[in-house]
Amino acid sequence: MFKERIYNFSAGPSMLPEPVLSRVQGELLNYGGTGISVMEMSHRSKMYLDIFESVKAKLRETLDIPAGYHILFAHGGATAQFSAVPMNLLGGGCADYAITGNFAQLAANEAKKFGAVNIIYDTSDKNHTYIPRQADLKFTEGASYFHYCANNTIFGTAWDYIPDAGGVSLVSDMSSCILSEPLDVSKFGLIYAGAQKNIAPAALALLILKDGIPIKPIPTTPKVLDYNLMIKNDSMLNTPAAFNIYILGVVLDWIKSLGGLTAMQELNQAKAAVLYDFLDNSTFYNAPALKSVRSVMNVTFRTPNEALDAAFAKESAEQGLANLKGHRLVGGMRASIYNAMPIEGVKKLVEFMGGFERNNR
Ligand SMILES: *Cc1c(COP(=O)(O)O)cnc(C)c1O
């Protein structure tokens, strides 16, 4: 039983900023004098459309999204996009995929159902602890797109550069890093992200899609996954995840209040540095990811053995440091420190880690 909110290191759904939750709570019963909750609004009503348009405008401002890009909201999280991407963009051709972790693999597996997939790099030889270099990537001439996962949530690595795929469109799953730092959107054909890490509650997906990239949905594409219909209907082919989209707007106001994505990036780097500096100076803990490509969002580490890993997860949870157990594919521990995790949480974790080390050496 906790009387206060705890530090939740879950990889997703993860923490939302406390000021966001408080504001949503304040607006929950009667939004802006409308007399109803955003949850109860018709998505076609003026009061909701005002929210919807303002969220898109705020997102465009926050991420500096160029005019030639559509902002779309979809259902089914990032996983639905693993299917929607090939259904809409393969166009009877082939696509290149880089496998740098579990979600990248899942995306490629799904794409194989719909056409030819070239795995142009796979880091599973070293358990996804590294990221290929630009020179390692041999793109297929005429490929419809190149898909990569920018931040590998489970393994704790992140691409430290935006790959240059020549004439091939870049498609990126940014579920676990979007809004954590400034981003040059103009380099991409499509960016997509599930919401439950840095955006809003789960099940919503955000798409930033370049106008004019060839969209040729296969004839059996379900309506709700068809990018042309999504664009044509401004994400309202059916009822959108209206409340989640509203929460994104509140999250964007919070990011702006802190100074936007440049400030967000500094905060995130400062948080990650507290944890990585501690890990680098420890002979007890071991952090498997290659230093130069470590994720700022998901920090993976291990104690000397599995029994201690289990004890660590249990004891930390008892102290209000929740969900530190690593993904079953990696074992050990994982601290997900997305935008909403305050630096105090990371400092408290490091303090706990020091104590745990002293008690178990
Ligand atoms: C969490 C996550 C997903 C899966 O998201 P769902 O919304 O559960 O479909 C996909 N890709 C990455 C990189 C993730 O972190």
Side-chain angles (χ1 to χ4, degrees), residues 8-16 72-87 95 97-111 113 121-124 128-129 131-132 145-160 162-163 170-181 183 188 190-208 222 224-225 235 240-241 243-245 247-248 251 268 272 289 293-300 323-330 334-341:
N8 178 7
F9 292 89
S10 168
S14 42
M15 291 180 85
L16 279 161
L72 301 169
F73 298 108
H75 304 283
T79 303
Q81 296 309 311
F82 294 168
S83 323
V85 166
M87 289 183 123
Y97 277 71
I99 310 294
T100 54
N102 188 53
F103 289 116
Q105 180 75 62
L106 294 176
N109 292 351
E110 197 60 20
K113 295 180 183 171
Y121 208 92
D122 186 339
T123 56
S124 56
H128 302 305
T129 48
I131 294 292
Y145 61 88
F146 167 59
H147 179 284
Y148 76 105
C149 179
N151 183 80
N152 298 290
T153 322
I154 291 174
F155 293 89
T157 61
W159 288 66
D160 53 331
I162 296 176
L170 271 191
V171 173
S172 187
D173 175 358
M174 296 204 178
S175 296
S176 51
C177 57
I178 195 151
L179 296 176
S180 67
E181 60 185 7
L183 177 66
F188 294 87
L190 170 66
I191 293 164
Y192 68 92
Q196 66 274 33
K197 282 93 186 205
N198 265 340
I199 297 177
L204 171 71
L206 167 68
L207 280 74
I208 303 169
V224 290
L225 296 182
S235 306
F243 192 68
N244 286 8
I245 294 167
I247 294 182
L248 167 57
V251 167
N268 285 327
V293 295
R294 298 196 285 209
S295 169
V296 171
M297 298 278 100
N298 309 96
V299 179
T300 50
N323 295 312
L324 283 160
K325 187 170 185 287
H327 191 277
R328 60 193 144 67
L329 288 174
V330 188
R334 171 177 50 174
S336 294
I337 50 173
Y338 301 117
N339 287 354
M341 172 61 69

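Basis for what follows: all heavy atoms, side chains included, without hydrogens, waters or symmetry-related copies. Numbering of ligands and ligand atoms starts at 1, following listing order. As the structure is a computational prediction, the values presented were derived from the model and not from experiment.
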Determine, considering heavy atoms only, which of T79, N152, T153, N102 sits nearest to atom 15 (O) of ligand 1.
-> T153
Exercise: do S180 and N339 side chains pair donor with acceptor under 3.5 Å | no
Quick one: nearest non-hydrogen protein atom to atom 3 (C) of ligand 1, plus distance?
-> F103 CE2, 3.5 Å
With distance as the sole test, does T300 use its side chain to make a donor-acceptor pair with the main-chain N or O of G326 at under 3.5 Å?
-> no
Under 4.0 Å from ligand 1, counting heavy atoms only, is it the side chain of M174, its backbone, both or neither?
-> neither
Part of Y192 within contact of ligand 1 (heavy atoms, under 4.0 Å) = neither
Look only at interatomic distance and state if Q196 has a nitrogen or oxygen under 3.5 Å from any nitrogen or oxygen of ligand 1.
-> yes
Does W159 reach the side chain of T100, with side-chain heavy atoms less than 4.5 Å apart?
-> yes
Checking N244 side chain against P201 main chain: does a donor-acceptor pair fall under 3.5 Å?
-> yes
Within a distance under 4.0 Å of any heavy atom of S176, pick out the atoms of ligand 1 and give their elements.
-> 13 (C), 15 (O)
Minimum side-chain heavy-atom gap I337-F9 below 4.5 Å = yes
N or O pair under 3.5 Å between C149 and ligand 1 | no
With rounding to the nearest 0.5 Å, note down the distance linking CZ in R334 to CE in M297.
-> 13.5 Å
So which protein heavy atom does atom 11 (N) of ligand 1 come closest to, and at what separation?
-> D173 OD2, 2.6 Å
Which ligand 1 atoms, with their elements, are less than 4.0 angstrom from a heavy-atom of F82?
-> 10 (C)
Considering heavy atoms of the protein only, find what lies nearest to atom 1 (C) of ligand 1 and give residue, atom and distance to 0.1 Å.
-> K197 NZ, 1.4 Å
Taking the side chain as every heavy atom from C-beta outward, state whether I162 and F188 have any atom pair closer than 4.5 Å.
-> yes
